[in-house]
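Values below: every heavy atom of this structure, side chains too, minus hydrogens, waters and symmetry copies. Not measured: the values here are computed from a predicted model.
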Amino acid sequence: MLDIKIIFVHKGIHQFVDVAYWQLQCDLMIEQFKQKAYTQGIVDAIDRISDILSRHFPIQPDDVNELSNEVIING
């Protein structure tokens, strides 16, 4: 069995958040996944990551959403 845990982070974000933070996010998700709480694990991780991103990248009055909010799942 492979035991691979990766979170891909843009270098612009990574400069403000250390590796230990990302490892913690992986570990917390894995703990929830082990309890079969897959959706909640992902939602909680997004909430935690959103908190830190909003601290370093607060919304500006002239901000433009450059990316689509569409979720695409290929499988």
### Query
Between Asp27 and Glu31, is any pair of side-chain heavy atoms under 4.5 Å apart?
no
### Message
Among residues at least two apart in sequence or on other chains, which ones pass ring pair (Phe, Tyr, Trp, His ring centres under 6.0 Å) with Tyr21?
### Response
none
### Query
With side chains defined as the heavy atoms from C-beta onward, is the minimum distance between Leu28 and Arg48 less than 4.5 Å?
yes
### Task
Taking salt bridge (Lys or Arg N to Asp or Glu O under 4.0 Å) as the test, write out the residues that go with Lys36, two or more places apart.
none
### Task
Taking side chain to side chain donor-acceptor pair (under 3.5 Å) as the test, write out the residues that go with Gln40, two or more places apart.
Asp44
### Query
Can you say whether the rings of Phe16 and Phe57 are parallel (under 30°), tilted (30 to 60°) or perpendicular (over 60°)?
perpendicular
### Query
According to a 4.5 Å side-chain heavy-atom criterion applied to Ile, Leu, Val, Met, Phe, Trp and Tyr, with indirect links allowed, do Ile52 and Met29 form part of one hydrophobic cluster?
yes
### Query
Are Leu24 and Val43 connected, step by step, through hydrophobic side chains (Ile, Leu, Val, Met, Phe, Trp, Tyr) whose heavy atoms are closer than 4.5 Å?
no
